[in-house]
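Working notes, beginning with the structure itself.
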Amino acid sequence: MRVLVVEDNVLLRAGLVQLLRVADFDVVGEAGDAETGLEALRQSVPDVVILDIRMPPTHTLEGLSLARLIRAEYGTSIGIVLLTQYVEARHAIDLLESGANGLGYLLKDRVLDPAELADDIHRVGAGGSAIDPVVIEHLVRRREPDGSLASLSPREREVLASMAEGRSNRSIADTLFISEKTVEATIGRVFSKLGLEPIDTEHRRVRAVLAFLRAAQPDL
């Protein structure tokens with residue numbers, strides 16, 4: 001899998017590149033700012049680009065702006081893994097609005113675990129999503145859910161939180177030590193309680209996750 005790394009912190013960028021190469025990823029380029037990153041992306045057309053949200057020159061949302069541009073030009077053919085120093089779920093939600101396919105949102109201090117990083121990149125590169133579990137945990141603790149989310153049982157909230165991380169039914173089952181059939185049944189109850197019509201299962205998963213994240217971050 002071909003990966004481009006766009007990160008302004010030289011030490012972190014070098015560490016990421018080394019970890020990726022050890023994990024047998026093909027690092028096709030690296031950059032320290034959004035403009036150089038866009039040039040490298042257009043030349044190499046990677047499978048996945050790893051982007052710092054805040055980069056020069058203003059260190060505000062250059063990475064997020066680049067992510068939007070990539071989505072506009074390449075759709076989901078290029079996976080995007082956003083890196084952040086802090087829990088800022090509104091940025092993940094902003095991108096999820098246009099679809100969760102090929103999207104990752106990870107905290108910087110957790111990306112140096114080679115196995116987890118490789119798994120997240122493969123998931124995003126395959127069209128899935130990967131939201132850092134620490135982000136989910138932070139949001140869950142932030143406040144109790146309102147409205148339809150308040151009707152969810154503790155188990156249903158656990159399953160929904162795992163869905164928000166981008167886990168498959170099998171992964172959720174393994175993580176929570178329950179059967180895959182139990183996961184499927186629980187997700188069905190979550191959809192029903194949230195009033196999500198049975199039109200498209202994947203689309204309903206995204207809508208359920210968005211409802212979960214918005215309820216946990218009420219200023220959105």
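For the residue pair Asp174/Ser171, the side-chain donor-acceptor check at 3.5 Å is not satisfied.
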Checklist entry - After noting the C-alpha distance and the side-chain angles of Ile78 and Asp47, does the key distance pass the side-chain contact (heavy atoms from CB on, under 4.5 Å) rule? => result CA-CA 5 Å; Ile78 295 179; Asp47 299 304; over 6 Å; no
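Salt-bridge annotation for Glu158 and Arg155: present, with a side-chain N of the basic residue lying under 4.0 Å from a carboxylate O of the acidic one. No salt bridge links Arg54 with Glu62; every basic N to acidic carboxylate O contact stays at or beyond 4.0 Å.
With sequence neighbours excluded, no residue forms a side-chain hydrogen bond (donor to acceptor under 3.5 Å, both in side chains) with Asp26. For Ser168, the side-chain hydrogen bond (donor to acceptor under 3.5 Å, both in side chains) criterion is met by no residue, not counting sequence neighbours. Contacts of Glu180 classified as salt bridge (charged side-chain N to carboxylate O under 4.0 Å, His left out), with partners at least two apart in sequence or in another chain: Arg170. Remark: Glu116 pairs with Arg110 by the salt bridge (charged side-chain N to carboxylate O under 4.0 Å, His left out) rule, at least two apart or across chains. In this structure Ser192 satisfies the side-chain hydrogen bond (donor to acceptor under 3.5 Å, both in side chains) test with no other residue, sequence neighbours excluded.
The CG atom of Leu66 sits 11.5 Å away from the CZ atom of Arg71 when rounded to the nearest 0.5 Å. The structure places CG of Asp120 at 7.5 Å from CG of Asp132, a figure rounded to the nearest 0.5 Å.
Asp33 places a side-chain N or O within 3.5 Å of a backbone atom of Thr36 that can act as its donor or acceptor partner.
Pairs passing the ring-ring contact (aromatic ring centres under 6.0 Å, His included) check and including a residue from residues 9-67, sequence neighbours excluded, read Phe25-His122.
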